[in-house]
Amino acid sequence: MNPIKLNFRATTGGAFRARLAKRIEQPVLVEVGLTLPEGYLEKYCRYARLKEANAMPTFLNTEYGIKPPGTRVGPWPGWRGIPELPSVWLEVGRGQVKGNYYFRGDEEVSGELRITFSCETGLSRSLSLSISDSALRPRRAQVVFNLPALAPAQAVTFREELSGVYPRLVISKNEVQSLRQEIRGGRAAHWRRLRKLVRDSWNLPYQTSPEGKVLPGAERLTGMDRTLIASLISLLQPTAQNIAWARQTFFAFLK
């Protein structure tokens with residue numbers, strides 16, 4: 001189907017309203033172009049410049065200033081102290097849908113800031129657009145019929161041979177028995193490395209470099225790493241202490 005144009009008009013209270021000829025009962029995408037005032041995106045951008053001019057142009061050797069000099073980069077709303085863009089909501093008759101901004105790089109040339117709304121439940125005839133910043137106003141809008149529907153819910157049950165069996169994920173009960181033998185034999189070296197990892201890294205907070213790389217020194221574990229490691233150790237050496245530790249680690253991860 002061809003897109004349907006929408007004409008949003010200002011109402012009292014700061015909202016904008018539009019009407020459709022009839023209700024839409026399928027998932028659709030609503031695209032809205034907002035007027036972009038001159039200089040509006042400046043506070044959402046940064047100016048990249050080298051800390052040491054003679055060093056390599058790496059991320060760690062780059063600082064990002066609020067003002068020039070430097071190469072302007074962005075907009076990067078929400079990154080390292082940069083504010084988020086104003087929230088925009090569309091009332092579709094069966095609740096509200098929050099808009100998602102997307103950038104093409106021509107916003108300041110075209111004078112338009114683009115935002116989309118994924119309307120999974122369709123649209124009522126009356127639509128209401130709310131923008132938290134009065135400087136932004138809808139200049140064009142359309143309904144696009146290319147949003148795929150959500151997959152229908154499917155009933156899930158365990159296979160009969162797995163019902164009531166534990167463990168049943170990653171390794172089986174028979175494999176647990178085999179591994180208990182192997183950690184005292186052919187896999188003993190791997191087991192020692194795992195225990196050393198626990199000793200060296202367990203109390204270190206999970207952190208990465210600004211580039212998302214691992215830090216030097218002992219390996220740092222995520223909450224999921226800790227849960228899997230503690231669970232495996234408690235399976236292969238099921239002492240009361242190990243089981244209590246695994247449970248504590250698991251519930252800490254859930255929080």
Side-chain angles (χ1 to χ4, degrees), residues 26-27 29 58-62 76-82 84 94-98 100-102 116-121 146-255:
Q26 70 182 74
L29 189 72
T58 63
F59 185 90
L60 293 178
N61 189 40
T62 305
W76 292 341
W79 183 77
R80 291 194 172 190
I82 299 176
E84 296 284 357
R94 296 178 181 174
Q96 287 187 319
V97 178
K98 186 175 182 180
N100 294 307
Y101 292 93
Y102 69 98
T116 62
F117 302 84
S118 298
C119 304
E120 301 286 353
T121 60
N146 65 352
L147 183 67
L150 292 174
Q154 299 289 333
V156 177
T157 58
F158 282 115
R159 296 200 307 269
E160 184 176 349
E161 64 270 24
L162 293 180
S163 181
V165 176
Y166 180 82
R168 57 178 170 244
L169 299 177
V170 184
I171 57 177
S172 68
K173 185 175 182 179
N174 291 336
E175 288 172 319
V176 170
Q177 298 299 331
S178 176
L179 284 171
R180 286 175 179 169
Q181 299 295 325
E182 292 181 16
I183 62 174
R184 295 191 293 270
R187 297 181 185 268
H190 300 295
W191 185 251
R192 287 194 296 270
R193 284 199 294 271
L194 180 63
R195 298 309 300 245
K196 184 177 187 302
L197 176 64
V198 170
R199 291 194 302 271
D200 294 347
S201 301
W202 202 258
N203 293 322
L204 294 176
Y206 180 71
Q207 294 176 336
T208 59
S209 73
E211 294 174 303
K213 307 297 183 182
V214 297
L215 299 177
E219 184 174 352
R220 293 172 183 260
L221 305 173
T222 66
M224 187 173 294
D225 293 332
R226 296 169 189 270
T227 300
L228 291 173
I229 290 171
S231 299
L232 178 63
I233 291 176
S234 70
L235 279 174
L236 302 188
Q237 290 184 338
T239 65
Q241 181 179 1
N242 283 344
I243 293 172
W245 171 54
R247 286 174 174 168
Q248 180 183 5
T249 303
F250 175 66
F251 287 118
F253 173 63
L254 291 181
K255 292 180 180 179

Heavy atoms from other residues, nucleotides or ligands near [atom1] of [X] exceed 12 (cutoff 6.0 Å):
| X | atom1 | answer |
| --- | --- | --- |
| Y101 | OH | yes |
| R247 | CZ | no |
| Q241 | CD | no |
| Q248 | CD | no |
| Q207 | CD | yes |

I'd like to check [X] versus [Y] (side-chain heavy atoms, cut-off strictly below 4.5 Å). Are they in contact?
| X | Y | answer |
| --- | --- | --- |
| N242 | L236 | no |
| T121 | V97 | no |
| L194 | L232 | yes |
| L215 | T208 | no |
| W245 | I233 | yes |

Report the distance from atom [atom1] of [X] to atom [atom2] of [Y], rounding to the nearest 0.5 Å.
| X | Y | atom1 | atom2 | answer |
| --- | --- | --- | --- | --- |
| Q177 | Q181 | CD | CD | 8.0 Å |
| K98 | T116 | NZ | OG1 | 12.5 Å |
| L228 | L221 | CG | CG | 10.5 Å |
| R180 | E175 | CZ | CD | 13.0 Å |
| L179 | W191 | CG | CH2 | 9.0 Å |

Heavy atoms of R80 and F59 approach each other most closely as NH2-CE2, 3.7 Å

Between N61 and T58, is a side chain to side chain donor-acceptor pair (under 3.5 Å) present by the stated rule, with each step listed? CA-CA 5 Å; N61 189 40; T58 63; 5.3 Å; no

Please test H190 against R187 for side chain to side chain donor-acceptor pair (under 3.5 Å), starting from the C-alpha separation and ending with a verdict. CA-CA 5 Å; H190 300 295; R187 297 181 185 268; 5.2 Å; no

Stepwise side chain to side chain contact (heavy atoms under 4.5 Å, CB included) check, C119 with L29: CA-CA 6 Å; C119 304; L29 189 72; over 6 Å; no

Has [X] got a side-chain atom pairing as donor or acceptor with [Y]'s backbone, closer than 3.5 angstrom?
| X | Y | result |
| --- | --- | --- |
| S234 | S231 | yes |
| R226 | W202 | yes |
| S201 | E219 | yes |

Candidate pair K196 and R199, rule side chain to side chain contact (heavy atoms under 4.5 Å, CB included), full reasoning: CA-CA 5 Å; K196 184 177 187 302; R199 291 194 302 271; 3.5 Å; yes

Is the closest side-chain donor-acceptor distance between R195 and Q237 under 3.5 Å? yes

